[in-house]
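Only one structure is covered here, and it is reproduced in the block below.
In this text the structure is predicted, and so the values were computed from the model without any measurement. Letters A, B, ... are given to chains in the order of the sequence lines, protein chains preceding strands, and every chain is numbered from 1.
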Amino acid sequence: MTDIAIRFEGAGKTYPDGTTAVEALDLEIPRGSLTVFVGPSGCGKTTSLRMINRMVEPTSGTVTVEGRDVTSVPAHELRRSMGYVMQQSGLLPHRTVVDNIATVPRLNGVPRRQARERARELLATVGLDASLAGRYPAQLSGGQQQRVGVARALAADPPVLLMDEPFSAVDPVVRQDLQRELLDLQQRLHRTIVFVTHDIDEAVLLGNRVAVFAEGGRLAQYATPEELLRAPADDFVADFVGRDRGFRSLTFVPAHDLPLHPVAVVRPDGAEGVVGPGSVPAGGWVLQVDDDGAPRGWLRPGAGGAPLVGGTLHRPGGSLRSALDAALSSPSGLAVAVDDAGRAVGVLRATEIVAAVERERQAQPSGTAAP
Amino acid sequence: MTWTAANWPHVLELTGAHLVQSVLPVLLGALVAIPLARLAVRSRVLRPVLVTGSSLLYTIPSLTLFVVLPLLLGTQITSVANVVVALTLYVVAILLRSSVDAFEAVDRGVLQASTAMGYRPLRRFLTVELSLAVPVLVAGLRVASVSNISMVSVGAVIGVQSLGTLFTDGLRRSIVEEIVVGIALTVVLALLLDLLLQGLGHVLTPWQRAGSRSVTTRLLALGRGAAA
């Protein structure tokens, strides 16, 4: 067995009226990876996804899953061997949460009691309370419905998960939670996930590899998110990836060798001190911290006026992007670094962060090819 | 009440006959109309043909049908079969239209998701599509059954026994009480059948009340809060 789970070989879809949804697509999806299909609407990303479980039959070429041509298996059996999550969850409105999750095992002939038992376990896996088991989908929030959708897709333990814009209909805060949970889930389960979205940020955040589709069903680029941001294959990809791609590509550069500087701090009880290596001259910016040492805000040099709201924080293992953002958003221009517990451990200087960006650029053979 | 007291076994018999002649066509009509409606949904050819055809069917006067059917079916003019067949046609006419609406109201996303999970077509129809169509299907059945109850009476004109017989007989013999009893029993039958169907719809769709139940609970809690 190779480590390719899904392979498109010249797979294309042309409708009887002559419109081409997908041009001959060649693509290999590694086993256990999260691959994202991204592109504007009408670019064939969903059609390509649906060729995998034969919701769409290709008019040319083949799709193979684990070495088997998908057309060699009856469609319903093929589909039961893959989890499928769609926008608006697609839950059965007349079945309770637990019976929705148990759908595919039930189709496979698993006894009801056993299928429900497994469904209850899955509720916990996707972070839902067991008390929701007996509810109907209409009684759940959008985010809860999507979680049930994911649980349902996992119920028969399929090696492949297909996700068709699963998070695009929920509000941004819930979407962030769902994205993070999907990454956690993937770390534990190692499924082959194919994820469709029109949101490039979501693609870059989630994907091990990202396939960018252009209008007319053409595959414009298939690469890691890092490569995509650093070296877009053509103008279409560069455009689609967006304006901040230079800044965003710093997400993939670790910031481990930045020097940490000391900073003066003041606690709620008025006690003054210094965190970080060495000492600081008097009369500079002072960082307000709470009793645990977590940053709360900044005081201007000379301690005059009300405290200013602090910037974003640079956490351990953070990227150059998070370091630079922390510096740019901080009123003092100093990026506050915190430890895993959220306590301030020192500050980073914007000039040194930019210098690190420059070193990184020179180390890269392709450079940040700005157009 | 002297007429009723003397004739109640006959009245009971007529009520039974009335019930059979109205309920049987609803069942037969549903068996024909629901599958036909499912075929018509999303068919560019079948849908207009069936929907328009069924509407045309409804414009045929019932008395005409009662008289013509024996010629077509070769039955006796006073046979119950004529009434049952005629009313079945009317039920199909009413139900086809509303059943098409019922299936079209089912969320296509849900059907797609079912297919994507590995449902085969027949199982999907029986366990997903039909269940989700129940609210609108039951609404159509209620209209058809009530309309049937009233239409069965027309059969009495050509001599088919039903509660309508009480009208024709009472009119001929000038017994007001007989006519009133006939009307009252027809109304009661219609109400009972309607309630029964409503109840059936209620039992089949616990998921429909899922949203409102929480509202009720909240209102109750509010009431308790105000009382305390």
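- A:Glu121 and A:Arg118 are joined by a salt bridge, as a carboxylate oxygen and a charged side-chain nitrogen come within less than 4.0 angstrom of each other.
- Top candidate by heavy-atom pairs under 4.5 Å with chain B, chosen from A:Pro137, A:Ala156, A:Pro93, is A:Pro93.
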For side chain to side chain contact (heavy atoms under 4.5 Å, CB included), just list the numbers for A:Arg175 and A:Gln146, CA-CA rounded to whole Å, side-chain angles, deciding distance to a tenth of an Å, and then say yes or no.
CA-CA 10 Å; A:Arg175 190 181 313 147; A:Gln146 286 311 127; over 6 Å; no
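- Classification of A:Glu77 and A:Arg80 as a salt-bridged pair fails, no side-chain N sitting under 4.0 Å from a carboxylate O.
- Options A:His76, A:Met86, A:Met82 differ in how many heavy-atom pairs under 4.5 Å they form with chain B, and the most are formed by A:His76.
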Would you check, one step at a time, whether the test side chain to side chain contact (heavy atoms under 4.5 Å, CB included) holds for A:Leu107 with B:Arg123?
CA-CA 10 Å; A:Leu107 286 174; B:Arg123 187 163 183 174; 3.7 Å; yes
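- Comparing A:Gln87, A:His94, A:Arg79 by heavy-atom pairs within less than 4.5 Å of chain B, the highest count is held by A:His94.
- Heavy-atom distances place no part of A:Arg135 under 4.5 Å from chain B, backbone and side chain included.
- At a threshold of 4.0 Å, the pair A:Arg50-A:Asp164 counts as salt-bridged, since one of the basic side-chain nitrogens sits closer than that to a carboxylate oxygen.
- When heavy atoms are compared at a cutoff of 4.5 Å, A:Leu162 does not approach chain B at all.
- Neither the backbone nor the side chain of B:Thr205 comes within less than 4.5 Å of any heavy atom of chain A.
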